[in-house]
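Worksheet for the structure shown next.
Throughout, a chain's letter reflects where its sequence line sits, starting with A, and its residues are numbered from 1. Treat the numbers as computed from the prediction; the structure is a model and nothing was measured. Any value given below was found using the heavy atoms of this structure, including those in side chains, with hydrogens, waters and symmetry copies removed.
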Amino acid sequence: MNIHEYQAKELLQKFDVATTHGKVAATVDEAEQIARELGAVDVVVKAQIHAGGRGKGTFKNGFKGGVHVRKTPEEVREVASKMLGQILVTHQTGSAGRMVNKVLVAESAEIAREIYFAVLLDRATAAPLIVASTEGGVEIETVAAKSPEKIIREAVDPLAGLQPFQTRKLAKQLAFESSQLKSASKLFERLYHTFIAFDCSMVEVNPLVVTMKGEALALDAKFNFDDNALYRHPEIAALRDIAEEDPREVEASKRGLSYIGLDGNIACLVNGAGLAMATMDIIKFYGGEPANFLDVGGGATEEQVTDAFKILIADKKVKAILVNIFGGIMKCDVIAQGIINAAKTVKLSEPLVVRLEGTNVERGKQLLKESGLALIAADDLADAAQKAVAAAATVNSKSQSPSSK
Amino acid sequence: MSILVDKNTRLVVQGITGSAGAFHTRQCMEYGTNVVAGVTPGKGGQMFDGKVPVFDTVWEARQKTSCNASMVFVPAPAAADSILEAVDAGVDLVVCITEGIPAMDMMRVKALMRGKKSRLIGPNCPGIITPGACKIGIMPGYIHKPGGIGVISRSGTLTYEAVWQLTSRGYGQSTCIGIGGDPIHGLSHLDVVKLFNEDPATNAMVLIGEIGGSAEEEAAAWIKANYKKPVAAFVAGMTAPPGRRMGHAGAIVSGGKGTAAGKIEALRGAGIAIAETPATIANTLIAQLEARS
């Protein structure tokens, strides 16, 4: 789950992590008011969307840049008026862009230098790991590739947690002066606590800045949360902004399905993430393009399968549907009944290729047969993929040249 | 012979009275697994299906029944504690089927298991089966057949796919293990590869990988240096877009790491035969076996 920059700032403030003062505004009045309260010389106004590349983006109204620095509250109001309610296009949003409903209005720090600082859950060691570098403000992958010696790693014991000496060592390695040691240590410690407290898989601060006055501030933080732990963090789950997500994925997750929209035309309905990925792969291998990843999970009900179908065919690009089920927990007759129910409630005009194997497979095949549904039965995975690719191609050529019918 | 589980395995099921726990316990018993105990706190003293005594704690179950393996079906919020309970009781093998356990819970479990003799499979896994002898998990039993191929994978249904291909072509399995799709889990690909290497009953191996992490690369490096039996591999997620989590918490390509292409290159570099599609996993291994004989 992703959150907005202003929400990240609020989380940091909650844990007393030093950051710049600022608040989010949904109207130009609010933006002006916040700027007035800040009373700072320079105020930065930042469009709040999940996509990156905001600074270099362009609004559809022609206004350039989603990040601007202004001096007076009136100027802040003026720049906010050009962002709010407008669509911002960046290299990450695609040409459709994203609607800007909120702007962050914050004091602009006088930056002396920029540091990279991240806490992540390292899967290799099954422990928290701090990754930091004096080369902040740029892509850390670039630093790692060009000058790997500038990447600092500090492993944290998962049971004991981050120790004070480690924060001092980090401060030294990150070239803080002796007089700044205490405040830098404090900042690292609090970022680590934020990471633990919210069950994050990563907290990345880039940049963590040192101001002209020598203060260390977390300027921008990116949080990655562990979806499995959201049940114990309702306050984090509430930060989800579904306007920023693919509506098909939102719909699927409401139904307990794991769906990811892709660009192809062969819809897939599979049980199990590994098999779902493998099904996408084999479609591609035979020259087709998957329209989605869809894992109905281990214990899906008939209703979930029906819902899954509705989501699949709502995608207008879809020219064929491939159902690939290897029943373990999931019983093939449940899938079959779900397909039959879906066919009753929604008009199924696309060719449907079904491959069933595993628990209750005979009952499942029997149900489908008795239903009288027009479907293409497949014997195995390769057969299923080839039939789906062929079916999609046939539909394609028909729709491209209707006269040849 | 086989690895980790066989006819002598005495299973305790944690969460035996829940609906999934009860269903799969019955399936395992039907397959022939020796289920000696169940644990559900507060339900001690009951009998499951009139055959299996239920205890309040694993500690008691271990004392009364000498159970040496556990299958965990406890819901995610309490599952990490259940794993630790089995480890504390001295159970040799803990198989955690539960999905959705917070990563930080598993981080603490791993740290607390250090130095303990218990081994963990999972969580979020299909389990382990030694065909014809012992099934601990949710895989359909009938697709397996006793034999000499070791199968290791992260996910459930993709493993069934590979196993079914082998069985349909007459090739049985020594033991099949799904280690689970979560980023922090118990036994790794490499741990299982080492066990198969030492097992005289395993004469070849199928390794199924997925995008995310570097477990396949580590296994490949070790296989290159130490492993002499034929190996075939498949890696799922060739077409997965970067930065998107594909169902499993572990299945994600991030920062250019954990790609299918990178894993395939590492495996191929170790002399492992790569199945180009998930439909040719068994045939790829069989071709290897025939080439050697």
Would a 4.5 Å heavy-atom cut-off, applied to side chains only, mark A/S258 and A/F293 as touching? yes

Would you say A/I325 and A/V270 make side-chain contact, with heavy atoms under 4.5 Å? no

Looking at side-chain heavy atoms only, is the closest gap between A/D379 and A/R355 below 4.5 Å? no

Report yes or no: does A/E244 contribute a side-chain atom to a donor-acceptor pair with the main-chain N or O of A/H50 at less than 3.5 Å? yes

Interchain contact, A/A127 with chain B, by part (heavy-atom threshold 4.5 Å): backbone

If I measure from the heavy atoms of chain A, does B/I143 come under 4.5 Å with its side chain, its backbone, both, or neither? side chain

Measure from NZ or CZ of A/K331 to the centre of the six-membered ring of B/F23, then state whether that distance is under 6.0 Å and the direction lies within 45° of the axis. yes

Pair count under 4.5 Å, heavy atoms only, with chain B: among A/A384, A/A124, A/A229, highest is A/A229

Just so I know, are the side chains of A/I49 and A/T93 near enough to count as touching, which here means a heavy-atom distance under 4.5 Å? yes

Any idea which of A/D281, A/T125, A/D227 has the most non-hydrogen atom pairs under 4.5 angstrom with chain B? A/D281

Which atoms of B/V109 come close to chain A, meaning under 4.5 Å heavy atom to heavy atom: side chain ones, backbone ones, both, or neither? neither

Ion pair check, A/R240 and A/E245, cut-off under 4.0 Å: yes

Pick one of side chain, backbone, both or neither for A/I283, based on which atoms fall under 4.5 Å of a heavy atom in chain B. neither

At a 4.5 Å cut-off on heavy atoms, which part of A/D380 comes close to chain B: side chain, backbone, both, or neither? neither

Evaluate the ring planes of A/F326 and B/W164, with Trp represented by its six-membered ring, and classify them as parallel (under 30°), tilted (30 to 60°) or perpendicular (over 60°). perpendicular

At a heavy-atom distance under 4.5 Å, which candidate from B/E218, B/K110, B/E161, B/E276 has the highest pair count against chain A? B/E161

Okay, A/Y231 and chain B: the region with an atom under 4.5 Å from a heavy atom over there is side chain

Which portion of A/Q386 sits near chain B, non-hydrogen atoms under 4.5 angstrom: neither

Which portion of A/F195 sits near chain B, non-hydrogen atoms under 4.5 angstrom: both

Picking from B/Q165, B/M238, B/H185, B/R108, which has the most non-hydrogen pairs under 4.5 angstrom with chain A? B/M238

Against chain A, label B/M139 side chain, backbone, both or neither, depending on which of its atoms sit under 4.5 Å from a heavy atom there. neither

Around atom CZ of A/R363, are there more than 12 heavy atoms from other residues, nucleotides or ligands closer than 6.0 Å? no

Let me know if B/P77 has heavy atoms under 4.5 Å from chain A in its side chain, its backbone, both or neither. both

